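Below is one structure, written out as structure tokens, with a few remarks after it.
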Amino acid sequence: MTAAARDLGTTLLAAALFAAVAMWWTWPLALHPGSAIAQLASEDPQWNPVIFFDRLLTIAGTARNADALLAFAPRTLIETGLCSPHPQAAALGEHMIELGVLAAPFRALSDNTVLVHNVTLLSSFILSGLGMFLLVRHLTGSVAAAILAGLALAIHPTRLMNLSHPFVVAIHWIPFALLFFERLLRHGRIADATALSVVATLQCVTGAYPLLTFAVLMLPYACLRLFAYRSLLDLRRLALLGAAAAITGVVTLWVLLAYIHQGEVWSVFQLRNRVFVSYQELSFGSRATFGVLMPLLALTALVSAAVDLVKPAEPRDRPGLPLAALITAALACVSFGAQGTLWPGGPQGPSLFRALEPLVPMLSAIRAPGAVSMGATLSLLILAGIGMGRLTTRLRPIGAVAASAVIVAALLAETFNPTFARAVYGRDHRAELRPIAARAAETGAYRSFDEHGYDGAVIDVPYPASVGRGIVAQSHYTFMAGIHGRATAACYNSFNPPSHFNLVRIAARLPAARALDELAAVGLRNIVVHRNGAAYGNGAARGRDAAAGLIRLLESADGVELLETNKDAAALRITKRIDTTADVASLELLGIVTPKIFAPARKAADMLARFVEIGVRNNAATVFRLPDPIAPVQARALWYRASAPASASAAAADSAPAYTVEHQALLPLALAAGAEDTIQLDLRPYPPVGRYRLAIELPGLKLRLEAPATVEVRR
């Protein structure tokens with residue numbers, strides 16, 4: 001048997017092992033892959049519902065991106081059709097493009113979105129282990145060390161605890177990138193450069209957190225390894241490395257431009273409540289610990305390297321193992337993702353995130369910078385693999401096999417034995433199944449649009465926006481959108497655009513003729529009314545009664561066709577012709593409605609204190625609608641000290657505003673002839689504490705409004 005055949009055989013056996021462990025841990029999911037999902041049995045009951053709703057979003061995003069790739073429509077990876085008619089909705093949260101890449105082969109074989117999601121999740125376990133296996137085998141030549149390191153990454157507790165958010169901890173392409181980076185520097189081959197550009201691109205389009213992890217880890221690693229290989233660097237190697245970096249950069253920038261657009265044009269990215277890893281939590285027994293076994297093996301690698309220092313140095317054309325690069329990369333990832341003291345009352349640890357936050361655009365919108373500490377875990381596991389390789393090479397073959405079996409068994413016990421897992425990681429990692437499947441009757445309502453030849457987006461009713469009912473309903477509608485594949489008004493994301501709240505107001509007016517006209521003008525002619533009372537928030541029975549009443553009223557409304565009705569849902573189509581105008585001159589601004597106090601929201605009920613509302617009337621004889629694609633208008637908040645002249649005209653003539661802040665405002669998506677609505681304007685950031693008179697200007701429309709009374713800003 002040739003060396004290449006032997007390497008291929010061990011690689012396939014390792015992949016089979018990683019798949020078997022993942023299937024064993026999630027058992028009996030393999031018996032129900034299309035109708036259930038695996039989740040942690042020890043999940044916090046308070047967060048368990050939200051985690052499940054996030055899982056629905058992940059399932060839908062995986063399917064939609066796979067469909068886009070199979071249809072050779074890369075534009076729809078960003079224009080997902082969610083939150084319709086808002087543009088580039090993928091950038092309102094995690095885009096999940098790489099999940100779509102993994103899912104595409106399975107999606108081509110099955111329309112079952114749950115099945116595709118489960119198989120894709122399993123493949124991410126295999127890829128994590130396989131990439132680490134290949135890298136550590138390349139570095140050490142030890143199959144046993146490679147299997148241990150691959151298994152440790154594939155089943156790492158941080159991954160197990162984020163099954164609903166695989167795009168947060170999906171660092172499985174980084175080992176491949178390190179492998180091909182090392183091979184490119186060593187051999188200078190085009191094949192290695194091509195592979196590097198592919199895996200690095202996939203890693204960069206996995207999600208925001210893995211992208212940050214890759215950047216923070218790769219920068220110090222690459223710099224130190226380039227220095228180590230400096231005697232081998234020639235024009236060919238540098239050109240190939242530059243080409244791989246350019247390809248990765250172009251694709252990454254294409255994705256990032258959508259986020260930049262959302263931030264600059266729509267201002268949807270606000271400061272989030274950030275979750276860091278505490279330096280104390282990296283210690284044994286804490287939730288962010290590295291465990292026990294892997295740090296000991298990593299220490300073995302470092303001690304072995306220290307012993308090797310007494311030997312002659314490596315030849316200049318053999319840079320040796322990347323120990324220094326891995327240690328530096330691990331420290332960078334920990335410093336970025338962690339903050340706080342090393343022990344109670346101890347000195348404050350460094351935070352690279354705090355230093356970069358003022359300098360890097362939109363970094364303040366990152367919710368969980370602690371996720372970048374996964375890069376430290378990755379570096380530590382590579383060091384552990386090197387330590388395992390050093391250990392087994394000093395044993396006889398039978399001793400190496402026995403030691404490998406004992407260490408692998410210890411790793412599995414440390415991770416999956418409930419007693420050991422709680423002692424080492426602070427929590428139990430047992431999995432349980434949760435049934436999940438779309439109801440046939442409900443999907444039938446969506447299919448009726450296809451059967452009648454009606455294209456276009458769907459709006460699901462009820463369409464709530466509250467923290468409670470909104471999360472339940474919108475996550476379910478998003479899940480259904482992944483099944484029926486149409487554009488949808490459903491908007492379950494990290495950030496909600498102003499158009500979402502506009503549609504909430506329009507949908508609440510159903511079955512009024514005005515609401516039907518406005519929905520048709522927006523392009524939402526397909527309506528699905530859900531009979532599930534939970535979405536109404538007033539009891540299942542009352543909710544079903546409300547849905548039944550709404551269906552009857554819509555069915556009898558002028559210009560509405562009932563396509564399908566069943567025990568779960570009804571599908572209706574607005575068929576009447578709507579005359580529209582996009583002339584903003586037809587809009588009249590009526591005045592400002594403001595809270596008396598502006599203060600940071602401390603609870604959900606205080607959120608409205610962020611906004612002012614501007615009344616709007618459509619004076620045209622036809623329905624006003626924003627042009628497609630929709631765009632906001634420039635707004636300006638002028639804050640005058642209350643001590644300034646009381647008269648509005650005097651204030652404009654005799655005093656300058658103490659503070660002027662630029663904002664973005666969205667005119668009504670659609671407004672029926674003669675009807676009134678409101679524009680919501682988020683006034684953050686607020687001026688300093690004090691009492692003010694407030695004016696709002698829309699320069700593009702040459703309009704100015706004065707608040708009717710003084711307002712107070714508190715902290």
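For clarity, every value in this text was computed on a predicted model and none was experimentally measured.
- Between F416 and R430, the closest side-chain pair of non-hydrogen atoms is not below 4.5 Å.
- E564 contributes no side-chain N or O that, together with a main-chain N or O of S448, makes up a donor-acceptor pair within less than 3.5 Å.
- A donor-acceptor pair is defined here as one N or O able to donate and one able to accept, closer than 3.5 Å; such a pair exists between the side chain of N162 and the backbone of T158.
- Residues R573 and L562 are not in side-chain contact: their nearest non-hydrogen atoms beyond the backbone lie 4.5 Å or more apart.
- Proximity of Y454 to R525: side-chain heavy atoms (C-beta onward) are nowhere separated by under 4.5 Å.
- Side-chain contact between F53 and V472: present, with at least one pair of heavy atoms (C-beta onward) separated by less than 4.5 Å.
- Expressed to the nearest 0.5 Å, how far CE of M96 lies from OG1 of T62 amounts to 6.5 Å.
- Using a 4.0 Å cut-off between a side-chain N of Lys or Arg and a carboxylate O of Asp or Glu, E518 and R625 do not qualify as a salt bridge.
- One distance of note links CZ of R447 with CG of L563; it measures 13.5 Å at 0.5 Å rounding.
- Each of K567, H476, R531 was compared with E442 under the side-chain hydrogen bond (donor to acceptor under 3.5 Å, both in side chains) criterion, and only H476 meets it.
- The side-chain heavy atoms of P166 and T58, taken from C-beta on, include a pair separated by under 4.5 Å.
- A salt bridge links D517 with K576: the distance from a Lys NZ or Arg NE/NH1/NH2 to an Asp or Glu carboxylate oxygen falls below 4.0 Å.
- The salt bridge (Lys or Arg N to Asp or Glu O under 4.0 Å) test applied to R577 returns D579, not counting sequence neighbours.
- By the 30° and 60° cut-offs, the orientation of the rings of Y259 relative to H95 is perpendicular.
- For M23, the CE atom is loosely surrounded, since the number of other residues' heavy atoms within 6.0 Å does not exceed 12.
- In this structure, R434 forms a cation-pi arrangement with F52, its terminal cationic atom sitting closer than 6.0 Å to the ring centre and no more than 45° off the ring axis.
- Heavy-atom minimum distance, V528 versus A445: CG1-CB, 4.5 Å.
- Considering only heavy atoms from C-beta on, P668 stays 4.5 Å or farther from L626 through its side chain.
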If you look only at distance, which donor and acceptor atoms sit under 3.5 Å apart when one is on a side chain in residues 167-174 and the other is two or more places apart or in another chain?
{"residue": "H172", "atom": "NE2", "partner": "E98", "partner atom": "OE2", "Å": "2.8"}
{"residue": "W173", "atom": "NE1", "partner": "E98", "partner atom": "OE2", "Å": "2.7"}

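- Using a 4.5 Å cut-off on side-chain heavy atoms (C-beta onward), T10 and F133 make contact.
- To the nearest 0.5 angstrom, I97 atom CD1 is 11.5 Å from C204 atom SG.
- For the pair S128 and L153, the tightest heavy-atom approach, listed with the atom from each and the gap, is O-CD2, 3.5 Å.
- Taking the salt bridge (Lys or Arg N to Asp or Glu O under 4.0 Å) definition, one finds that D568 meets it with R439, sequence neighbours left out.
- A distance below 6.0 Å separates the ring centres of W266 and H86.
- Aromatic ring pairs are classed by plane angle as parallel below 30°, tilted from 30° to 60° and perpendicular above 60°; the pair Y446 and H530 is tilted.
- The backbone N or O of V522 lies less than 3.5 Å from no partner atom in the side chain of D628, so there is not a single donor-acceptor pair.
- Side-chain polar atoms of H500 and Y463 form a donor-acceptor pair below 3.5 angstrom.
- To the nearest 0.5 Å, atoms OG1 (T478) and CG (D460) are separated by 8.5 Å.
- Annotation: side chain of L510 is in contact with side chain of L550 (closest heavy-atom distance under 4.5 Å).
- A donor-acceptor contact shorter than 3.5 Å is absent between the side chain of T252 and the backbone of G249.
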